[in-house]
Amino acid sequence: MTARRVVLTGIGVLSSIGNGVTEFTRGLREGRCGAGPITRFDSTGFRRQLAHEVHDFTPSAWVRHTPAEQLGRATQFSVAAARMAVSDAGLDPADLRGGPGLVTVGTTDGEADALDRLVEAQANGTEPGVLDRVGVGRLAAHRLALAVVRELRLPRAVPSVLGTACAAGNYAVGDGYDAVRSGEAEWALVGGADALTRRTFAGFHRLGLVASDRCRPFDADREGLLTAEGAGILLLESLDSARARGARIYAELLGYGLNCDAHHPTAPNMDSVAQVMRLALADAGVKPEEVDLVSAHGTGTPTNDVTEIRAVRQVFGDRPPRTVALKSMLGHSMGAASALGAAASALALTHGFIPPTVNHRSTDPECPVDCVPNHAVEADLRVVVNNGLAFGGNNAAVVLGRHEETCS
């Protein structure tokens with residue numbers, strides 16, 4: 001069977017710079033930074049107390065067939081972003097019920113926030129037998145995908161959750177790409193979701209990786225990352241399907257690459273990062289010189305940024321394409337990060353602009369790239385590579401291309 005071409009026709013996002021595709025696009029163009037004081041948990045005692053939170057989110061507006069309080073915040077994000085993506089694609093959930101589909105959600109923490117609260121209750125003297133049953137019911141990470149299937153009433157959809165940490169969103173996109181390309185699924189809702197958690201914030205804080213004020217990727221004075229929350233869900237379908245219904249096409253999925261080097265628990269490996277980009281380009285049939293933009297993992301930590309830029313230069317040479325770091329605006333939303341990066345890449349291709357790396361002062365000589373500092377620029381983009389790099393050497397890169405109809 002001939003492999004089918006796969007296109008992205010719907011985008012759902014929740015982020016610290018805006019919810020929904022319109023506001024998210026505006027935030028990217030304006031170079032918004034969503035950092036602010038932590039309100040999701042008590043940060044008393046931490047030296048650093050900033051993060052990127054999602055605001056103006058009303059779960060009941062999106063969760064309609066399950067009491068919203070039975071779902072953890074990350075699951076609520078997943079459901080909301082999926083509904084947004086379906087609507088943005090010009091579809092009703094009923095339109096997806098006729099054929100086989102896939103719902104794959106990547107995550108780092110699942111519903112760790114619910115676990116944090118249960119552990120806190122037990123530490124304060126609550127007996128295990130009287131712990132909040134609703135809270136316990138939120139814990140299962142598989143609900144991030146299963147709740148989407150139930151909420152949208154998609155009986156022929158296969159739900160799954162991938163826990164490959166900060167690369168999980170790209171892993172999910174690759175999963176959906178394979179399913180639609182092969183004909184196994186008619187459509188796929190894929191991406192990532194995570195909520196801000198005390199546990200993850202404390203872990204990065206303990207490692208000394210949290211910035212004091214803003215995340216400044218590739219900057220000479222960068223201090224580290226700011227943790228974040230959010231969700232990015234993409235609706236993928238075949239090009240033939242999109243054409244048949246006259247759908248707007250944001251971008252074409254050209255290919256992806258995955259690897260896991262298990263080099264180090266936290267430190268990335270340059271050769272492995274370079275290899276995953278080469279794998280993605282090979283799968284896409286794209287030459288390095290055809291790439292116009294790299295959406296970097298770009299955490300703003302000293303080691304990650306240098307390693308990633310060295311890998312970019314290993315693949316693309318001494319004059320690499322512009323390389324931007326969205327985490328300067330969005331924070332590090334863990335399993336949602338590369339999914340939001342894929343969404344932003346598609347929007348950049350559609351609207352012809354490059355989102356900036358904000359909070360920038362001066363480029364680190366060890367990160368010699370054009371990071372599009374502080375202000376978006378107009379650009380004629382055709383191919384974008386979106387990176388996701390995770391602890392343990394779990395790496396994923398996705399290649400997206402601008403879709404242009406040709407006369408046959």
Side-chain angles (χ1 to χ4, degrees), residues 6-15 18-25 27-28 54 57 59 61-65 74-97 99 101-107 144-154 157-162 168-177 179-180 185-194 230-239 241-242 245 247-253 330 333 335-347 349-350 386 398 400 403:
V6 181
V7 294
L8 193 172
T9 56
I11 296 175
V13 291
L14 293 158
S15 77
N19 303 331
V21 68
T22 300
E23 195 61 26
F24 183 64
T25 304
L28 294 172
V54 170
F57 174 63
W62 306 100
V63 183
R64 302 167 188 170
H65 302 302
T75 306
Q76 293 171 354
F77 284 170
S78 183
V79 170
R83 280 197 184 277
M84 288 178 188
V86 173
S87 177
D88 185 54
L91 294 168
D92 184 272
D95 297 326
L96 304 179
R97 293 170 191 158
L102 184 78
V103 177
T104 303
V105 181
T107 191
L144 270 73
L146 185 60
V148 172
V149 171
R150 288 176 170 171
E151 280 296 312
L152 302 186
R153 298 181 175 179
L154 305 171
V158 177
S160 61
V161 171
L162 301 177
N170 266 357
Y171 269 79
V173 172
D175 191 36
Y177 175 64
V180 175
E186 294 298 319
W187 55 267
L189 283 166
V190 294
D194 264 305
I233 300 292
L234 315 178
L235 178 67
L236 308 182
E237 59 184 299
S238 71
L239 176 58
S241 168
R245 65 185 189 85
R248 175 210 42 227
I249 296 173
Y250 284 109
E252 184 168 355
L253 271 292
L330 305 175
S333 54
S338 54
L340 288 168
S345 298
L347 292 167
L349 286 161
T350 298
N386 178 57
V398 170
L400 301 96
H403 177 72

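Rounded to the nearest 0.5 Å, atoms OH (Y171) and CG (L162) are 9.0 Å apart. Remark: N386 CG to S338 OG distance equals 6.0 Å, nearest 0.5 Å. In this structure, CD in E186 is found 13.0 Å from CG in L236, a value given to the nearest 0.5 Å. Rounding to the nearest 0.5 Å places CG of L400 at 5.5 Å from OG of S345. The CG atom of L340 lies 6.0 Å from the CG atom of L330; values are rounded to the nearest 0.5 Å.
Counting all heavy atoms, side chain and backbone alike, V180 lies closest to S238 at CG1-N, 3.5 Å. Minimum interatomic distance between R248 and D88 (heavy atoms only, all atoms of both residues): NH2-O, 2.5 Å. L102 and G176 make their closest contact through CD2-CA, 3.6 Å (heavy atoms, listed as atom of the first residue, atom of the second, distance). In terms of heavy-atom proximity, S333 sits nearest to G230 at CB-N, 4.3 Å. Closest non-hydrogen pair, P159 versus A157, comes out as CD-O, 3.4 Å. In terms of heavy atoms, G232 sits closest to A336 at N-CB, 4.5 Å.
Between the side chain of N19 and the backbone N or O of V54, no donor-acceptor pair lies under 3.5 Å. At distances below 3.5 Å, at least one donor-acceptor pair connects side-chain atoms of R97 with backbone N or O atoms of L152. Judged by distance alone, with hydrogens and angles left aside, the side-chain atoms of T107 form a donor-acceptor pair with the main-chain N or O of A193 at under 3.5 Å.
Every residue two or more places apart in sequence or in another chain that forms a side-chain hydrogen bond (donor to acceptor under 3.5 Å, both in side chains) with R153 is listed here: H65. Applying the side chain to side chain contact (heavy atoms under 4.5 Å, CB included) test to A89 and every residue at least two apart in sequence or in another chain returns T9, L91, L235, R245. Contacts of S15 classified as side-chain hydrogen bond (donor to acceptor under 3.5 Å, both in side chains), with partners at least two apart in sequence or in another chain: none. Scanning for side chain to side chain contact (heavy atoms under 4.5 Å, CB included) contacts around L239 gives R5, V7, R243, I249, H403, E405, with sequence neighbours left out. A search for side chain to side chain contact (heavy atoms under 4.5 Å, CB included) contacts involving A343 returns I11, V13, F24, L234, not counting sequence neighbours. In terms of the side-chain hydrogen bond (donor to acceptor under 3.5 Å, both in side chains) criterion, residue partners of D175 (sequence neighbours excluded) are, by chain and number, T104.
Using a 4.5 Å cut-off on side-chain heavy atoms (C-beta onward), W187 and V103 make contact.
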Checklist line | E151/R64 under side-chain contact (heavy atoms from CB on, under 4.5 Å): CA gap, chis, key distance, verdict | finding: CA-CA 7 Å; E151 280 296 312; R64 302 167 188 170; 4.2 Å; yes
Item checked: Derivation of the side-chain contact (heavy atoms from CB on, under 4.5 Å) call for M84 and W62 -> CA-CA 9 Å; M84 288 178 188; W62 306 100; 3.6 Å; yes
